[in-house]
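Written out below as structure tokens is the structure these notes cover.
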Amino acid sequence: MTETSDTRSDTGEAPEAPRSRLWRLMRYVPLIAPVLLWAVPCWILLHTGQHWPSPVAPIGTALFALGLVGMPLAMAQGHGRRQRDGAAIVGDTLLGGSWVLFTWSVLLGALLRPALAVVGVGDGQDRARIVTWAVLGTTAVLLAWGYAEARRVPRVRRLDVELPRLGAGLDGTRVALITDTHYGPLDRARWSARVCETVNGLEADLVCHTGDIADGTAERRRAQAAPLGTVRANRARVYVTGNHEYYSEAQGWVDLMDELGWEPLRNRHLLLERGGDTLVVAGVDDVTAGSSGLAGHRAHLAGALDGADPDLPVLLLAHQPKFVDRAAEHGIDLQLSGHTHGGQIWPFHHLVGLDQPALAGLSRHGTRTLLYTSRGTGFWGPPFRIFAPSEITLLVLRSPRGPAAS
């Protein structure tokens with residue numbers, strides 16, 4: 001692996017992308033979301049004809065009111081200036097639980113009750129109570145399953161990716177991808193070590209981390225990130241920043257990854273050479289880096305490719321899938337990204353789709369560029385993954401001019 005370029009200056013930097021529809025919508029979410037997440041299930045489960053015995057409705061309503069007040073307070077204590085991990089765990093868990101309860105209250109309230117009426121099950125009170133118990137049961141099962149999914153070591157997702165410009169000598173190159181590990185309030189040092197063991201078992205030529213290492217500074221999450229230093233690759237380990245690094249002293253994370261033996265590809269590239277052929281491995285800072293106020297941090301693709309032979313195939317690391325528009329303009333062959341978590345908790349993927357061009361898997365953009373979007377290796381915030389499993393990815397690069405590697 002040969003290094004050929006360094007971080008560039010502001011000259012020629014691509015302008016920041018315009019703020020998306022999702023960003024504009026998110027400005028109002030902190031005001032209205034908690035009310036909807038707690039008030040809607042409260043109404044559907046307790047006050048739509050159930051006629052519960054007298055203690056049930058008042059106590060249930062009080063619990064929902066406590067959640068409505070407690071969740072924002074816990075999240076403010078956990079993710080605000082004080083950064084209290086215990087409060088963050090409580091707030092994040094309440095957020096995930098209320099989202100699932102809200103979703104299934106609406107779905108089963110809208111679908112199950114009319115279905116029960118059509119088939120003539122019970123009277124109005126019976127149907128209302130059946131809906132309540134169905135919602136509570138479904139929520140409990142999904143949260144238990146989602147917690148187990150979030151905390152387990154991800155399964156390995158393997159796929160072959162043919163790159164038309166890849167030389168025969170590079171056919172069979174193995175690229176392992178982890179991303180969005182999000183080390184955070186829940187101590188996952190043992191989980192981190194097991195993830196790294198799994199990656200080592202893949203015997204990859206190149207191991208990539210496409211950002212969002214943690215929630216918190218490098219000093220605070222060092223113990224959880226330390227196992228990344230044990231990752232092995234035949235050629236190189238490369239890393240790019242994600243948006244969450246810029247909430248937590250990004251330069252500290254760049255320095256720690258360098259200390260752990262990873263190559264931070266901050267708007268620069270390396271060359272992977274094998275069998276007489278060459279692959280350009282480039283990386284850019286996250287698209288939010290330019291507004292972070294940190295000197296030298298920005299997404300600068302032209303700088304990342306400066307000095308590279310334009311006839312060589314390019315593998316690009318960029319945290320957010322939406323960077324693929326710029327990648328396609330530059331004729332990138334394959335972009336690796338994370339960020340979306342595959343939605344993490346269904347049906348949140350519909351909101352993610354407002355901001356990103358791809359949710360998970362392999363997609364084509366323009367005439368040449370392929371994008372692989374990982375669902376992420378860890379989880380953000382709520383410790384649940386529901387219908388959006390985490391992954392460690394092994395991509396085997398294929399050349400149309402070379403025999404398939406064994």
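This one's a predicted model, so the numbers in the text were calculated from it and none came from an experiment.
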Point to revise | Closest heavy-atom pair and its distance - Pro357, Pro321 | key: CG-O, 3.7 Å
Practice item. Determine, stepwise, if the pair Arg220 / Asp85 fulfils salt bridge (Lys or Arg N to Asp or Glu O under 4.0 Å). Key: CA-CA 11 Å; Arg220 191 170 190 179; Asp85 284 350; 3.4 Å; yes
Verify whether one side chain among [X] and [Y] offers a donor that lies under 3.5 Å from an acceptor in the other.
| X | Y | value |
| --- | --- | --- |
| Arg84 | Gln77 | yes |
| Asp285 | His300 | no |
| Tyr372 | Ser337 | no |
| His47 | Thr61 | yes |
| Thr393 | Glu391 | yes |
| Tyr246 | His297 | yes |
| His182 | His341 | yes |
| His365 | Asp325 | no |
| His209 | Thr181 | yes |
| Gln320 | Gln356 | yes |
| His244 | Asp215 | yes |
| Asp180 | His339 | no |

Examine distances only and state if a side-chain atom of [X] and a backbone atom of [Y] form a donor-acceptor pair shorter than 3.5 Å.
| X | Y | answer |
| --- | --- | --- |
| Trp253 | Ile213 | no |
| Thr139 | Leu136 | no |
| Arg157 | Ser390 | no |
| Gln344 | Pro383 | no |
| Arg298 | Ala289 | no |
| Asp286 | His319 | no |
| Arg188 | Ala193 | no |
| Glu162 | Ser399 | no |
| Thr132 | Ala128 | yes |
| Ser248 | Glu245 | no |

Counting heavy atoms not belonging to [X], are there more than 12 under 6.0 Å from its [atom1]?
| X | atom1 | value |
| --- | --- | --- |
| Glu249 | CD | no |
| Arg190 | CZ | no |
| Arg232 | CZ | no |
| Glu203 | CD | no |
| Trp145 | CH2 | yes |

Any chance you could measure [X], atom [atom1], to [Y], atom [atom2], to the nearest 0.5 Å?
| X | Y | atom1 | atom2 | result |
| --- | --- | --- | --- | --- |
| Leu101 | Leu94 | CG | CG | 11.5 Å |
| Asn234 | Leu206 | CG | CG | 10.0 Å |
| Trp191 | Gln224 | CH2 | CD | 9.0 Å |
| Arg235 | Leu279 | CZ | CG | 10.5 Å |
| Asp160 | Arg398 | CG | CZ | 4.5 Å |
| Leu316 | Phe323 | CG | CZ | 6.0 Å |

Are [X] and [Y] within salt-bridge range, i.e. N to O under 4.0 Å?
| X | Y | value |
| --- | --- | --- |
| Arg155 | Glu149 | yes |
| Arg174 | Asp205 | no |
| Glu263 | Arg268 | yes |

4.5 Å side-chain heavy-atom contact, [X] and [Y]:
| X | Y | result |
| --- | --- | --- |
| Trp43 | Phe64 | no |
| Asp212 | Thr179 | no |
| Leu334 | Leu163 | yes |
| Arg385 | Ile345 | no |
| Val284 | Leu317 | no |
| Leu186 | Ile89 | yes |
| Arg266 | Val254 | yes |
| Val175 | Cys208 | yes |

**Study point:** Candidate pair Val280 and Leu271, rule side chain to side chain contact (heavy atoms under 4.5 Å, CB included), full reasoning
**Key:** CA-CA 5 Å; Val280 177; Leu271 299 179; 3.7 Å; yes
**Study point:** Qualifying residues under side-chain contact (heavy atoms from CB on, under 4.5 Å), relative to Ala328, sequence neighbours excluded
**Key:** Thr369
Exercise for review: Quick one: list whatever passes side-chain contact (heavy atoms from CB on, under 4.5 Å) with Ala358, sequence neighbours left out.
Suggested key: Ser363, Leu371, Thr373
Practice item. Go through Asp258 and Asp255 one step at a time and tell me if the side chain to side chain contact (heavy atoms under 4.5 Å, CB included) criterion holds. Key: CA-CA 5 Å; Asp258 184 54; Asp255 293 342; 5.6 Å; no
Exercise for review: Cation-pi check, Arg222 to Tyr183: give yes when NZ or CZ is under 6.0 Å from the six-membered ring centre and within 45° of the ring axis, no otherwise.
Suggested key: no
Practice item. List the steps, then state whether side chain to side chain contact (heavy atoms under 4.5 Å, CB included) holds for Val281 with His269. Key: CA-CA 5 Å; Val281 180; His269 69 266; over 6 Å; no
Exercise for review: Dump the intermediate steps for side chain to side chain contact (heavy atoms under 4.5 Å, CB included) on Leu116 and Ile130, then the final yes or no.
Suggested key: CA-CA 9 Å; Leu116 292 173; Ile130 289 172; 3.7 Å; yes
Exercise for review: Among Asp92, Val100, Thr93, find the residue that satisfies the side-chain contact (heavy atoms from CB on, under 4.5 Å) test when tested with Phe384.
Suggested key: Thr93
Exercise for review: Let me know which of Val156, Leu177, Val231, Leu228 forms a side-chain contact (heavy atoms from CB on, under 4.5 Å) with Val199.
Suggested key: Val231
Practice item. Any side chain to side chain donor-acceptor pair (under 3.5 Å) involving residues 95-119? Give me the pairs, sequence neighbours left out, ordered by first then second residue. Key: Thr48-Arg113
